[in-house]
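Heads up, the thing below is written out as structure tokens.
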Protein chains: 2
Amino acid sequence: MILLLVSKKVNTIHNSTEQQGQLTIRDIARLSGVSTATVSRLFHNPSCLKPDTKAKIEAVIEKHQYIPNLNASALTTKNTMTVGLIIPTVKSSIHSALIQSVQDTCAELGYSVIMGNTNYSEETEKNLLDIMLNRRVTGIIHAGTVNPKFIAMLRRAAEHSIPSVVVWENISDNEISSVGIDNYRASYDATQYLIDCGHKDMGLLLGPYTTMNRLAQRRLGFMDCMNHNNLYAGDDTIISLSHEVRDGVMGAAMLIGKHPRLTAIYAASDVLAFGALYSLRQMGRRVPKDISLVGFDNIEFSEYCIPSLTTVNVPAVKMGKKAVFELVDKIQHNRLQAKHIYLEHEIIIRDSVANYRAT
Amino acid sequence: MILLLVSKKVNTIHNSTEQQGQLTIRDIARLSGVSTATVSRLFHNPSCLKPDTKAKIEAVIEKHQYIPNLNASALTTKNTMTVGLIIPTVKSSIHSALIQSVQDTCAELGYSVIMGNTNYSEETEKNLLDIMLNRRVTGIIHAGTVNPKFIAMLRRAAEHSIPSVVVWENISDNEISSVGIDNYRASYDATQYLIDCGHKDMGLLLGPYTTMNRLAQRRLGFMDCMNHNNLYAGDDTIISLSHEVRDGVMGAAMLIGKHPRLTAIYAASDVLAFGALYSLRQMGRRVPKDISLVGFDNIEFSEYCIPSLTTVNVPAVKMGKKAVFELVDKIQHNRLQAKHIYLEHEIIIRDSVANYRAT
DNA sequence: TTGAAAGCGCTACCAG
DNA sequence: CTGGTAGCGCTTTCAA
């Protein structure tokens, strides 16, 4: 004969009436005289509960300020409703705009975002990804340094069925989606605009293009456009420093130092342009009278610089939104196939460029 | 006689050799011929494992790319190692600096941060807090609108034993810690600086002080200082709009419209000052020759404005760091008692103020 | 030095 | 419409 003995769960901890917070679903169940399943239903399928059962439970929840533990439910549902956002730094307006947008869109859709700065370090980038995998984020939005090594890592995340989308630039990958502008084309257009305004001697100021693909693209767009117009662009007219305002200050000084007769500087980010503006002023060059300036990003400040900055608009807000939608779409349809979304750029013409061809 | 029959767990799901990702600790245990407890020890107490057991498990982990599930372990340890960060918006440099600092400090200490924008909405603020409680963040850093209602909510979080610290300003609370500058004093000092430079007619430009205590403090500091110096400050010399650059633009125009003879404008944030700078320029007033300008925050751009902006430095990076340390200290020592940390402000003198008293 | 097993708080399936 | 119960992936005694 076989006797099955099941020890009745006693749950001593929760028998004491008043705990300092952290009530569990079991407490609520007990307190309202129903099963945990029923309490759970209140949250996920309230329509199938008898009105007074519902009311009863709700009262208890209200009274005891019960706060469901999302981590616990994620364990069962295997859905943390969290997206991981990897960005280089929040200290640049163009990134902030994206972050804000991602954040807000996620909130709308019920997702939380856990965010990490890479500070432009590949190692940090890798660590961040690991942490996000550890936390089983539902998906990843990557706004960092897009390089093959990292794409490989994202693909590894995909193997663990965590989808991701890269922003700022478009890549070609079957699994990793992307939403961005055509950085090459945008840069080409900006350069062409300058040329159309009659400029012939110009220099480029940009961040570390060797490690950031979108910067490499912008550099290439500039060079190609110059070449196609039979104008000179070489390593001596291209200054690559870092991403900060001070790099713009320094870079402009270097450029003017080497080529005093430049009629225009094209800075591949507004932050650099802002620094350049300051620098040019320091050197006694008036913008746009003596020298013209074009930026890239269209951050909020660029409209209020003196003079206001002609720049390339990057639809950061739209980008963030699209990225989240694409990510969530992948998640919800369990889709592996990547989608690549191209966004339009646009030259915003303001006051920092002299037009020598205008009447 | 009693026979205890325990059904051998079969775990069919995991018996299939190759799953697409998401290996569990049990898989690793099975694969390396040890118990889950032993695998767990590898992560938490590796020194108590026999070297070859250790090596064996490590090999399996490496080979199968096992990624521990932090949510699951949080369920047992009751520690999510996550701090919740509530901020109004990331779109202002002063906030970005804080975010970055909080982020980096948390990362150093092994915490992740889950962040939410309130967009200056009280409702969103409440929702964010709820979400964070749902996610059982280990603690909360609050950089939002400090008002009694929200402090009450944080206290509720404290009841659920989730500690929090408020930043930007100091409060007096027994449970909620704070780290910030003395906004009243800083504002008083900025005003006094202007007065010391010989200014008598000045206006104040600031955000919505009725809903943000630190702005109310700054307003009061300005008014008191003016009064103590027998100078006039009234509702017609104080313009309160919102937080954006355009508010600075508009505000300065309004101020000058009402009081054409103002010799100085004190903007209670650099963003507003930036807008004011633009606006004054539009109106043909040179800074500092015709009119002086003082900002508040010392965001990166203020150094590179033209002219560079005299402003009040708020040690945002230090603040973020201190906030995290205080939070973690509370967590680790299970301390309820609040600590209130005062940070020093400092007037950064640059080129936007004319000194009429100078020789 | 290791293993067995009891949970952590919640969901979801299967009965009724 | 509701309850019982078996997990989710991990940690942590307790025992061996």
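Just so we're on the same page: letters track the sequence lines, and every chain starts at 1.
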Does B:R136 get its side chain close enough to the base of C:dG9, under 3.5 Å, for a donor-acceptor pair?
no
The side chain of B:S40 is closest to which nucleotide in this list: C:dC10, D:dT12, D:dG9?
D:dT12
Taking only side-chain N and O atoms of B:T38, does any of them lie within less than 4.0 angstrom of OP1 or OP2 on C:dG3?
yes
When you check the phosphate oxygens OP1 and OP2 of D:dC8, does a side-chain N or O of B:R26 lie under 4.0 Å from one of them?
yes
When the distance from CD1 of A:I57 to C1' of D:dG3 is rounded to whole Å, what number comes out?
12 Å
Touch class at under 4.0 angstrom, heavy-atom based, for A:S73 against every strand present:
sugar-phosphate
If you assign each of A:P51 and A:T36 to its closest nucleotide in DNA chain D, which residue comes earlier from the 5' end?
A:P51
Aromatic plane relationship, A:Y66 with A:F43 - under 30° parallel, 30 to 60° tilted, over 60° perpendicular
tilted
I want to verify a distance call: between D:dG9, C:dT2, D:dT2, whose nearest atom is closest to the A:T53 side chain?
D:dT2
From CE of B:M81 over to C1' of D:dT11, roughly how many Å is that when rounded to an integer?
16 Å
Please state how far atom CG in A:N69 lies from atom P in D:dG9, giving the value in whole angstrom units.
16 Å
Starting from P on D:dC10, measure out to CZ on B:F43 and report it in whole angstrom.
8 Å
To the nearest angstrom, the CZ-C1' distance between A:R30 and D:dG3 comes to 17 Å
Tell me whether the OP1 or OP2 atom of C:dG9 has a side-chain N or O from A:T24 closer than 4.0 Å.
no
Just call it for A:Y66: base, sugar-phosphate, or nothing, with non-hydrogen atoms closer than 4.0 Å on any strand.
sugar-phosphate
Within this structure, what is the CG-CD1 distance for the pair A:D27 and A:I61, rounded to the nearest 0.5 Å?
11.5 Å
Step through the shown structure and confirm whether more than 12 heavy atoms of other residues, nucleotides or ligands are within 6.0 Å of CG on B:N45.
yes
Hey, does B:V39 reach any base, or is it just sugar-phosphate, or nothing, if we go heavy atoms under 4.0 Å?
nothing
Of B:A37 and B:L75, the one whose nearest nucleotide on DNA chain C sits closer to the 5' end is B:A37
Please determine whether a side-chain nitrogen or oxygen atom of A:H44 lies at a distance below 4.0 Å from atom OP1 or OP2 of C:dA12.
no
Closest to side chain of A:K78, choosing from D:dG9, D:dC10, C:dG9
D:dG9
Of all the nucleotides listed (C:dG3, D:dT11, D:dG4), which has the minimum atom distance to the side chain of B:R41?
C:dG3
Please determine, for the side chain of B:T77, which listed nucleotide (D:dT12, D:dG9, D:dG3) has the closest atom?
D:dT12
note: B:K50, atom NZ; C:dT2, atom P; distance rounded to Å ~ 5 Å
B:D27 CG to D:dC8 C1', in whole Å, measures 13 Å
NZ (A:K318) with more than 12 external heavy atoms under 6.0 Å
no
Decide, yes or no, whether a salt bridge links B:R335 with B:E326 under the criterion of side-chain N to carboxylate O below 4.0 Å.
yes
Below the 4.0 Å mark, does C:dC10 have OP1 or OP2 next to a side-chain nitrogen or oxygen of A:T76?
no
In this structure, how many angstroms lie between the P atom of C:dG9 and the CZ atom of B:R135, rounded?
18 Å
For B:L133 and B:R156, what are the C-alpha separation, side-chain angles and deciding distance, and is it a side-chain contact (heavy atoms from CB on, under 4.5 Å)?
CA-CA 10 Å; B:L133 294 182; B:R156 183 182 134 225; 4.0 Å; yes
